[in-house]
**Student:** 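Before anything else, here's the structure in question.
None of the values given here were measured: they were computed from a predicted structure. Below, chains carry the letters A, B, ... as their sequence lines are ordered, and counting in each starts from 1.
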2 protein chains.
Amino acid sequence: MGDHRAKEALFDVLVEAARALGNGRRAELVDVLAQGERSVEELAVEISQSVANTSQHLQRLLRAGVISSRRSGTRIYYSLAGPAVERLWRALRETAEAHAGELGALALSYLGDRTSLGTINRDELQRRLKQGDVVVLDVRPRPEYDAAHIPGALSVPVDHLKARLSQIPEGRDIVAYCRGSYCVYADDAVRELSDDGRRAMRLEEGFPEWKAAGLPVESAT
Amino acid sequence: MGDHRAKEALFDVLVEAARALGNGRRAELVDVLAQGERSVEELAVEISQSVANTSQHLQRLLRAGVISSRRSGTRIYYSLAGPAVERLWRALRETAEAHAGELGALALSYLGDRTSLGTINRDELQRRLKQGDVVVLDVRPRPEYDAAHIPGALSVPVDHLKARLSQIPEGRDIVAYCRGSYCVYADDAVRELSDDGRRAMRLEEGFPEWKAAGLPVESAT
DNA sequence: TTCTTATTCAAGTAGGTTCTTGAATAACAC
DNA sequence: GTGTTATTCAAGAACCTACTTGAATAAGAA
């Protein structure tokens with residue numbers, strides 16, 4: 001038994017990644033980085049924080065081994081450190097879901113009422129993609145589409161959707177997807193498409209889950 | 001887009017479980033509870049903290065949905081809230097391992113030099129158990145063995161090992177297991193058994209991983 | 001070189017966390 | 001009822017965190 005000092009030190013280190021993820025803004029950063037690498041300024045915009053604050057959060061995540069960075073000219077690009085981090089972030093969301101607690105009410109107030117939205121899961125989408133009777137829209141911001149997307153998906157960031165409605169092929173069902181179940185972009189897109197009289201539904205989860213399931217992925221060279 | 005207040009609130013809640021796990025003492029509690037339910041006082045002893053402090057940590061974990069409690073007479077027993085928590089705790093350890101960083105040095109100082117210890121993995125242990133050419137020792141504290149253990153394992157808590165050396169069947173290899181890779185009990189047992197001239201090795205991971213892999217489990221009564 | 005842009009650093013303030021101590025409950029035995 | 005044991009609550013001291021502001025680097029362009 002003995003050395004409880006060394007044991008404490010060991011567990012204090014094991015827990016560093018949890019401390020890093022234990023902040024809403026840093027969790028938002030990880031959720032965005034799960035889509036692909038991004039620069040500091042882009043990330044600051046995504047999480048609605050100052051660049052200085054975002055930089056400090058990123059450094060905390062970096063020290064904890066949750067993300068890694070590379071320099072390209074004057075910009076620094078951050079990305080998730082590896083698949084263990086993706087599993088960690090997923091397990092965290094699942095733990096929160098299992099707890100229910102306030103989560104339901106908060107999700108409702110952020111995501112709105114989802115009961116009327118049609119959904120489709122990964123396996124079925126994959127089948128219908130093979131049959132070719134479906135149009136897939138990637139409604140995430142453009143840099144995330146460029147980093148990687150579902151093969152054949154069209155990039156239509158949700159804030160450009162209204163202007164580009166006419167360019168979306170007709171005669172087939174539309175499936176919109178975004179970052180994951182806590183992302184509103186696909187919901188908003190499905191509502192807008194439905195209002196326009198199109199048959200639209202959202203992919204149940206998001207791109208990271210598609211990729212993690214080992215399904216095919218395409219990226220802009 | 002729209003309501004970044006509601007988004008912040010949502011992520012703040014998603015992250016509650018990470019904050020709860022983001023403390024070495026609470027992580028130790030989770031590591032013990034992964035073996036089975038325990039009372040407050042038992043847990044306080046395990047993590048070398050006062051009962052009042054342990055109680056406060058437990059309540060924090062409870063509020064975050066990481067553990068659950070049941071009362072039995074004058075005692076309150078805590079246990080992990082569900083399988084998502086086990087995955088969370090595992091992903092956290094894996095993230096720390098992938099980062100390396102200080103972890104290596106700290107693990108060495110707490111666990112000692114492991115290079116000379118023989119190990120065996122789950123699959124091989126299961127095969128040798130079927131052949132019956134191996135003695136399995138559960139060297140965790142007794143309440144953890146009582147909660148659940150590998151079928152056929154003998155309970156020999158590591159601090160009783162010296163006194164019970166003579167009771168361990170001879171002529172077969174010995175495999176000791178405990179809580180997991182960051183638990184020293186099996187290491188200490190293997191060293192002691194080797195010093196006594198027995199052929200001994202440790203199970204690579206611990207009981208929770210055995211159980212999570214869907215392998216058979218046995219419990220007292 | 002100087003200018004520009006992206007990022008990081010440093011210092012300060014408001015608020016949160018951890019552990020301690022001693023008192024308060026809650027269930028049970030007598 | 002009283003006494004006993006297990007657990008929780010409350011208040012306080014030392015320390016850590018999150019965000020702000022303004023200055024400092026570092027790479028590249030002119």
Side-chain angles (χ1 to χ4, degrees), chain A residues 4-5 7-9 11-30 32-33 37-64 66-79 143, chain B residues 4-5 7-9 11-30 32-33 37-64 66-79 143:
Chain A
H4 95 78
R5 286 302 200 55
K7 188 183 182 189
E8 290 193 352
F11 276 83
D12 286 348
V13 170
L14 279 178
V15 120
E16 266 307 305
R19 305 182 68 115
L21 267 170
N23 171 279
R25 254 34 63 218
R26 288 194 293 267
E28 289 186 55
L29 288 171
V30 168
V32 173
L33 291 174
E37 67 171 19
R38 302 293 287 276
S39 70
V40 179
E41 214 209 326
E42 288 175 319
L43 290 166
V45 171
E46 288 289 350
I47 68 166
S48 309
Q49 297 290 316
S50 72
V51 169
N53 194 23
T54 302
S55 171
Q56 283 172 137
H57 280 311
L58 287 166
Q59 281 166 80
R60 177 95 199 252
L61 288 165
L62 191 63
R63 262 182 278 125
V66 170
I67 62 178
S68 55
S69 67
R70 81 181 171 86
R71 176 155 226 149
S72 168
T74 160
R75 284 202 178 82
I76 292 178
Y77 290 92
Y78 286 92
S79 53
Chain B
H4 94 77
R5 287 299 199 58
K7 187 182 183 188
E8 291 193 351
F11 276 82
D12 287 348
V13 169
L14 280 177
V15 120
E16 267 306 307
R19 305 181 66 112
L21 267 169
N23 170 280
R25 255 33 65 217
R26 289 195 291 268
E28 289 186 55
L29 288 171
V30 168
V32 173
L33 290 174
E37 66 170 19
R38 301 295 288 275
S39 70
V40 179
E41 213 210 326
E42 288 176 319
L43 290 166
V45 171
E46 288 290 351
I47 69 167
S48 311
Q49 297 290 316
S50 72
V51 169
N53 193 24
T54 303
S55 171
Q56 283 173 137
H57 280 311
L58 288 166
Q59 281 165 81
R60 177 96 199 249
L61 289 165
L62 190 63
R63 262 182 277 125
V66 171
I67 62 178
S68 54
S69 67
R70 79 180 171 88
R71 175 154 227 150
S72 168
T74 159
R75 283 200 179 83
I76 293 178
Y77 289 92
Y78 286 93
S79 53

**Student:** Arg25(A) has an atom CZ; how far is it from atom P of dG16(C), in whole Å?
**Tutor:**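 Spelled out: CZ on Arg25(A) to P on dG16(C) is 14 Å.
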**Student:** Just by modelled atom types, is the Asn53(A) backbone N or O under 3.5 Å from a matching donor or acceptor in the Ser50(A) side chain?
**Tutor:**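 Yes; at least one donor-acceptor contact below 3.5 Å.
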**Student:** Can you tell me the distance, in whole Å, between the CG atom of Leu61(A) and the P atom of dT17(D)?
**Tutor:**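 So the CG-P distance, Leu61(A) to dT17(D), works out to 13 Å.
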**Student:** Establish, with yes or no, whether the OP1 or OP2 oxygen of dT17(D) is under 4.0 angstrom from a side-chain nitrogen or oxygen of Arg19(A).
**Tutor:**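 Indeed, a polar side-chain atom of Arg19(A) lies that close.
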**Student:** Calculate the interatomic distance between Gln49(B) atom CD and dT21(C) atom C1'; express it in whole Å.
**Tutor:**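 One finds 15 Å between C1' of dT21(C) and CD of Gln49(B), rounded.
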**Student:** What's touching nucleotides 5-12 of chain D from the protein side, N or O pairs under 3.5 Å?
**Tutor:**
from, atom 1, to, atom 2, distance (Å)
dA6(D), O4', Thr74(B), OG1, 3.0
dT7(D), OP1, Val40(B), N, 3.2
dT7(D), OP1, Ile76(B), N, 3.3
dT7(D), OP1, Ile76(B), O, 3.3
dT7(D), OP2, Glu41(B), N, 2.9
dT8(D), OP1, Tyr78(B), OH, 2.6
dT8(D), OP2, Ser55(B), OG, 2.7
dT8(D), O5', Ser55(B), OG, 3.4
dC9(D), OP2, Gln59(B), OE1, 2.2

**Student:** Taking side chain as C-beta onward, heavy atoms only, is Glu8(B) less than 4.5 Å from His4(B)?
**Tutor:**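 In short, these two side chains touch, coming nearer than 4.5 Å.
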**Student:** In whole Å, what is the span from the CG atom of Leu21(B) to the C1' atom of dT17(C)?
**Tutor:**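 Taking CG of Leu21(B) and C1' of dT17(C), I get 16 Å after rounding.
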**Student:** For Leu43(A) and dA6(C), what is the distance between atoms CG and P respectively, to the nearest whole Å?
**Tutor:**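 My rounded result for the distance is 14 Å.
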**Student:** Is the shortest side-chain N/O distance from Arg26(B) to OP1 or OP2 of dT18(C) below 4.0 Å?
**Tutor:**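 For dT18(C), OP1 or OP2 has a side-chain N or O of Arg26(B) closer than 4.0 Å.
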**Student:** Can you pull out every salt bridge (Lys or Arg N to Asp or Glu O under 4.0 Å) where at least one residue sits in residues 17-28 of chain B? Sequence neighbours excluded, please.
**Tutor:**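 Non-adjacent pairs meeting salt bridge (Lys or Arg N to Asp or Glu O under 4.0 Å): Lys7(A)-Glu28(B), Asp12(A)-Arg25(B), Arg25(B)-Glu28(B).
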**Student:** Using whole Å, what does the distance between atom C1' of nucleotide dA18(D) and atom CD of Glu28(A) come to?
**Tutor:**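 Nearest whole value for this atom pair: 14 Å.
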**Student:** Please confirm whether the shortest side-chain N or O distance from His57(B) to OP1 or OP2 of dC19(C) is below 4.0 Å.
**Tutor:**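 For dC19(C), OP1 or OP2 has a side-chain N or O of His57(B) closer than 4.0 Å.
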**Student:** Do Gln49(A) and His57(A) come close enough that some side-chain heavy atom pair is under 4.5 Å?
**Tutor:**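 A side-chain contact is absent here, since even the closest heavy-atom pair is not under 4.5 Å.
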**Student:** State, with a plain yes or no, whether a side-chain heavy atom of Leu43(B) is found less than 4.5 Å away from one of Leu33(B).
**Tutor:**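 Of all side-chain heavy-atom pairs linking Leu33(B) with Leu43(B), at least one is under 4.5 Å.
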**Student:** If the condition is side-chain hydrogen bond (donor to acceptor under 3.5 Å, both in side chains), which residues does Glu42(B) pass it with, not counting sequence neighbours?
**Tutor:**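 By the side-chain hydrogen bond (donor to acceptor under 3.5 Å, both in side chains) rule, Glu42(B) matches Arg38(B), Ser39(B).
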**Student:** In terms of the nearest nucleotide of DNA chain D, which residue is placed more toward the 5' end: Ser50(A) or Gly73(A)?
**Tutor:**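 The residue mapped nearer the 5' terminus is Ser50(A).
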**Student:** Looking at every non-hydrogen atom in both residues, tell me the closest pair between Ile67(B) and Leu58(B) and how far apart they are.
**Tutor:**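 The pair with the smallest heavy-atom distance is CD1-O, 3.4 Å.
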**Student:** For Asn23(A) and dA18(D), is the shortest distance between a side-chain N/O and OP1 or OP2 below 4.0 Å?
**Tutor:**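 For Asn23(A), the contact criterion (side-chain N or O under 4.0 Å from OP1 or OP2 of dA18(D)) is met.
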**Student:** Once you round it to whole Å, what is the distance between P of dT18(C) and CD of Glu8(A)?
**Tutor:**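 Rounded to whole Å, this separation is 13 Å.
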**Student:** What is the distance from CG of Asp12(B) to C1' of dG15(C), rounded to the nearest Å?
**Tutor:**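 For the pair Asp12(B) CG and dG15(C) C1', the rounded distance is 14 Å.
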